[in-house]
Amino acid sequence: MTVVTRFPPSPTGRLHIGSARTALFNWLYARHHGGRMALRIEDTDRKRSTQEAIDAILDGLTWLGLDWDGDIVFQTRNAERHAAVAKELIDAGKAYHCYCTPEELKEMRESARAAGRPALYDRRWRDRDPADAPAGVDPVVRIKMPQCGKTTIPDLVQGDVTIANEQLDDFILLRADGTPTYMLSVVVDDHDMGITHIIRGDDHLNNAFRQLHLFRAMDWPVPAFGHIPLIHGADGQKLSKRHGALGVEEYRAMGFLPEAMRNYLLRLGWSHGDEEIISTEQAVAWFDLDRVGRSPARFDLAKLESLNAHYLKESSNTRLVEMIVPLIETTHDVSIDDNGRTRLARGMEGLKPRAKTLLDLAQNAAFYVIRPRFPLENAKAAKLLKEPAIAILADTAAALSAAVSWKSDDIESVLRAFGEEHDLGLGKVAQPLRAALTGSNASPSLFEVMEILGPEETIARIRAVPGVLPNS
RNA sequence: GACCCCAUCGUCUAGAGGCCUAGGACACCGGCCUUUCACGCCGGCAACGCGGGUUCGAAUCCCGCUGGGGUCACCA
């Protein structure tokens with residue numbers, strides 16, 4: 001049997017970080033077993049579904065590198081089929097019309113809860129004579145669920161989960177307006193699409209019991225279920241807006257690499273011994289549901305950052321340059337030419353180990369293509385450019401102008417010799433220079449920076465420091 | 001409230017009765033390296049929620065408690 005999984009987002013917002021992990025697990029499971037992953041847009045809630053959300057979800061998946069097999073299925077397009085199944089169930093005596101009003105149902109739930117009973121529909125129309133139907137009320141269609149006994153779901157993640165059938169009520173298949181509910185649509189589509197494995201968030205575990213009976217009522221094979229725990233915020237509460245970013249798009253904007261995101265999401269609730277850095281190839285080879293943990297995991301930004309820093313270091317310089325150029329261009333309103341790109345690429349080796357995100361990288365790299373502006377905004381750096389540093393800088397510029405070679409090793413020799421000559425520690429010489437050249441008190445190796453900047457630019461930047469030029 | 005699920009360092013986790021003096025990673029704290037900041041390397045702090053069983057032996061099995069989470073819509 002070929003494994004067919006599915007990822008079924010509701011297009012009501014961004015691709016949520018938890019959904020992204022669900023998609024990843026479905027994708028990995030399908031790939032691991034040589035199967036397929038289908039993508040289905042669950043747009044049955046027409047009021048809240050938007051094209052914008054669909055695009056955002058597709059973009060998010062694409063960015064993460066999670067592709068799907070076959071055409072995208074739009075659930076609303078199958079509405080007629082869903083309704084036909086409901087009719088079939090009515091004809092078979094497995095479903096019926098219910099004429100309860102919303103108020104009636106609300107009252108029913110409230111009194112049930114007050115009595116300490118499960119807040120379920122009391123099946124009052126299940127065996128009632130259809131002739132009793134009140135005039136002018138459009139009925140909903142409800143399925144007949146078993147009223148006694150137990151139902152067990154052999155869950156691939158949670159193990160066997162059993163519930164008493166009294167906990168299951170005759171849920172609605174078709175709304176009063178004739179449109180199918182989620183519960184019906186999902187089951188019909190999963191069947192029609194040949195889904196063999198339903199891997200989804202833990203919040204759907206209760207639905208699985210209802211869906212299981214719907215599969216049985218239609219005499220359809222029941223897919224395997226795997227309910228993975230949800231991701232929680234750092235405080236252990238359900239992930240919500242107050243926890244900050246929720247959509248993968250936002251993490252992308254924060255400068256995270258897709259491979260870091262993938263690795264992080266994978267390790268959240270899943271493990272393979274002590275492995276931490278896991279490539280997609282390894283993930284496909286190793287992934288299976290039995291290694292998925294059963295307790296909810298908290299989202300830890302620091303760990304994501306650390307993984308991102310790792311992948312940043314592994315990335316090629318050209319890839320990184322292409323990713324940060326637009327960032328530098330927009331924040332500084334400049335246009336970076338090929339020369340600038342070359343400088344950035346050469347500087348990347350020294351920049352990479354100093355960044356956690358692409359945003360850091362772009363910010364730290366900007367000086368290679370943009371001259372510092374005086375007075376410096378960076379307070380610590382500005383402090384480095386006070387006397388006697390200005391005088392030292394002027395002398396340094398002079399010494400540098402006389403340099404025969406502009407290789408970093410040679411520049412270092414020149415500066416060390418200069419320091420000894422003037423009885424100054426290297427720090428006294430280097431720090432003001434760093435501030436003058438990079439506008440910051442922290443940067444990659446100064447000698448490397450100077451080599452990349454080149455002699456003209458280096459000298460020009462030193463002379464641009466207020467107070468230096470007259471002495472040089 | 002009812003039902004279901006879960007429970008190892010601050011966080012993610014390893015651990016499938018003796019390999020556990022509980023391992024790794026992130027974070028944190030020291031140190032080394034060093035022109036700065038990082039990276040890297042070395043070291044440190046830090047956990048089996050509680051109470052009962054079962055067993056020669058329990059983080060691992062069972063029960064209870066406590067704590068956390070999920071679900072209870074003509075939403076998905």
Side-chain angles (χ1 to χ4, degrees), chain A residues 8-12 42-45 47-49 75 98 100-102 105-106 109 112-120 138-142 153 155 157-159 161-164 166-169 171-177 179 181-183 185-186 201-207 209 227 229-230 232 234 236-238 264 267-277 293-307 309 313 350-356 360 364 380-381 384 412 415-416 419 425-431 433-435 438 440-447:
Chain A
S10 306
T12 54
E42 308 216 319
D43 51 356
T44 53
D45 185 349
K47 275 167 259 157
R48 294 196 299 149
S49 300
Q75 201 153 52
C98 165
C100 288
T101 61
L105 293 171
K106 194 180 173 201
R109 277 194 292 273
R113 189 172 290 221
R117 284 179 285 115
L120 305 172
D138 289 328
V140 297
V141 175
R142 287 181 183 272
I153 297 226
D155 195 277
V157 175
Q158 306 288 340
V161 183
T162 302
I163 197 178
E166 294 90 79
Q167 300 297 325
L168 270 16
D169 65 356
F171 60 90
I172 295 173
L173 259 20
L174 245 37
R175 301 188 184 99
D177 64 4
T179 58
T181 59
Y182 161 80
M183 212 65 82
S185 304
V186 167
D202 202 322
D203 51 338
H204 282 288
L205 185 56
N206 287 278
N207 289 334
F209 294 97
H227 289 92
L230 267 16
H232 286 179
Q237 298 297 112
K238 189 176 181 179
Y264 179 70
R267 275 292 284 106
L268 206 54
W270 177 87
S271 61
H272 183 82
D274 285 340
E275 301 290 340
E276 295 288 346
I277 303 296
R294 265 160 296 188
S295 52
R298 300 182 188 202
F299 193 88
D300 181 6
L301 194 65
K303 189 139 185 174
L304 208 210
E305 283 177 339
S306 136
L307 241 15
K313 274 176 267 178
L351 258 8
K352 280 198 283 196
R354 279 161 242 262
K356 282 190 161 65
D360 292 344
N364 296 342
K380 284 182 183 171
L384 290 168
E412 177 170 0
L415 288 180
R416 282 189 189 280
L426 195 47
K428 291 281 182 209
V429 182
Q431 283 306 85
L433 207 41
R434 190 184 311 281
T438 72
S440 169
N441 60 315
S443 80
S445 161
L446 244 198
F447 316 122

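Lettering of chains follows the sequences in order, A, B, ..., and the numbering in each one begins at 1. Nothing here was measured: the structure is a model prediction, and the numbers come from that model.
Among the heavy atoms of the strands lying under 4.0 Å from A:H204 is at least one base atom, whether or not backbone atoms are also near. Nucleic acid contact class of A:N207 (heavy atoms, under 4.0 Å, all strands): base. Heavy atoms of A:L174 sit nowhere under 4.0 angstrom from any nucleic acid atom. Residue-level contact check: A:V140 touches the bases, meaning some heavy atom is under 4.0 Å from a base atom. No engagement by A:S440 is indicated, since no non-hydrogen atom pair under 4.0 Å with the nucleic acid exists. As judged by a 4.0 angstrom heavy-atom cut-off over every strand, A:R109 is placed among residues touching the sugar-phosphate backbone only. As judged by a 4.0 angstrom heavy-atom cut-off over every strand, A:A176 is placed among the base-contacting residues. Using a 4.0 Å heavy-atom distance criterion, A:C98 is classed as making no nucleic acid contact.
Across B:rA59 and B:rA47, the matching P atoms stand 15 Å from one another, rounded to whole Å. Taking atom P in both B:rC29 and B:rG23, one finds a spacing of 22 Å when rounded to whole Å. On the C1' atoms, B:rC48 is 15 Å away from B:rC6, given to the nearest whole Å. Using atom C1' as the reference point in both B:rG64 and B:rU54, the two lie 15 Å apart (nearest Å). Here, B:rG10 and B:rC45 have their C1' atoms 12 Å apart, quoted to the whole Å. For the C1' atoms, the distance from B:rG67 to B:rG49 is 7 Å, rounded to whole Å. Using atom C1' as the reference point in both B:rC72 and B:rU60, the two lie 34 Å apart (nearest Å). Distance noted for atom P between B:rA14 and B:rG68: 23 Å (whole Å).
One interatomic measurement links the two molecules: CD1 of A:I277 to C1' of B:rA25, which rounds to 9 Å at whole-angstrom precision. Taking atom CG of residue A:L205 and atom P of nucleotide B:rU71, one finds them 11 Å apart after rounding to whole Å. Rounded to whole Å, the distance from CG on A:D203 to P on B:rC4 is 18 Å. B:rC3 atom C1' lies 10 Å from atom CG of A:L168, rounded to whole Å. For the pair A:I153 CD1 and B:rC5 P, the interatomic distance rounds to 12 Å; values are reported in whole Å. Residue A:F209 contributes atom CZ, which lies 13 Å from atom C1' of B:rC72 at whole-angstrom precision. To the nearest angstrom, P of B:rC3 lies 12 Å from CG of A:L120. Spacing between atom CG of A:L230 and atom P of B:rG68 amounts to 17 Å, rounded to whole angstrom units.
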Report summary line: Contact string for nucleotides 29-50 of chain B, one letter per nucleotide 5' to 3', B = base within protein heavy-atom range under 4.0 Å, S = sugar-phosphate only, - = neither, reads ------BBBBSS----------
Report summary line: Given protein heavy atoms under 4.0 Å, the one-letter contact record of nucleotides 6-16 of chain B, with B base, S sugar-phosphate only and - none, is simply SS---SBSSS-
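In this structure A:E42 satisfies the side-chain contact (heavy atoms from CB on, under 4.5 Å) test together with A:P8, A:S10, A:R40, A:Q75, A:Y182, A:V186, sequence neighbours excluded. With sequence neighbours left out, the side-chain contact (heavy atoms from CB on, under 4.5 Å) criterion links A:D177 to A:R175, A:T179. Residues passing the ring pair (Phe, Tyr, Trp, His ring centres under 6.0 Å) test with A:F171, sequence neighbours excluded: none. The side chain to side chain donor-acceptor pair (under 3.5 Å) test applied to A:E305 returns no partner, not counting sequence neighbours. A:D360 is linked by a side-chain contact (heavy atoms from CB on, under 4.5 Å) to A:A355, A:K356, A:T357, A:N364, counting only residues two or more places apart in sequence or in another chain. Scored by the side chain to side chain donor-acceptor pair (under 3.5 Å) test, A:R298 finds no partners at all (sequence neighbours excluded). Every residue two or more places apart in sequence or in another chain that forms a salt bridge (charged side-chain N to carboxylate O under 4.0 Å, His left out) with A:R416 is listed here: A:E412. Scanning for side-chain contact (heavy atoms from CB on, under 4.5 Å) contacts around A:L433 gives A:L393, A:T396, A:L415, A:L437, A:L446, A:M450, A:I462, with sequence neighbours left out. Residues passing the side chain to side chain donor-acceptor pair (under 3.5 Å) test with A:T44, sequence neighbours excluded: none.
Contact of the A:D203 side chain with the A:L230 side chain is registered, since non-hydrogen atoms from C-beta on lie closer than 4.5 Å. In this structure, A:I277 and A:L307 have side chains that are in contact, with non-hydrogen atoms separated by less than 4.5 Å. By the 4.5 Å heavy-atom criterion applied to side chains, A:L168 and A:I163 are counted as neighbours. Considering only heavy atoms from C-beta on, A:D45 comes within 4.5 Å of A:K47 through its side chain.
Using modelled atom types, one finds a donor on one side chain and an acceptor on the other under 3.5 Å when comparing A:H227 with A:D155.
Comparing A:D202 and A:Y182 against RNA chain B, the residue whose closest nucleotide sits nearer the 5' end is A:D202. Residue order along RNA chain B, read from the 5' end via each residue's closest nucleotide, puts A:I163 first among A:I163 and A:S306.
When distances are taken from the side chain of A:Q167 to each of B:rC26, B:rA2, B:rA76, the shortest belongs to B:rA2.
Among all heavy-atom pairs drawn from A:K352 and A:K313, the shortest one is NZ-O, 3.6 Å.
B:rC20 makes up no base pair with any nucleotide shown, lacking Watson-Crick or G-U wobble contacts both under 3.5 Å. Within the shown strands, B:rC72 is the pairing partner of B:rG1 under the Watson-Crick or G-U definition, both distances less than 3.5 Å. Across all strands shown, B:rU66 is found opposite B:rA7 as a Watson-Crick or G-U wobble partner, with both distances under 3.5 Å. Pairing of B:rC61, defined by two Watson-Crick or G-U wobble distances under 3.5 Å, is identified with B:rG53. For B:rG43, the paired base is B:rC29 (Watson-Crick or G-U wobble, both distances below 3.5 Å).
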Show me the protein contacts with nucleotides 18-22 of chain B, counting only N or O atoms at under 3.5 Å.
none

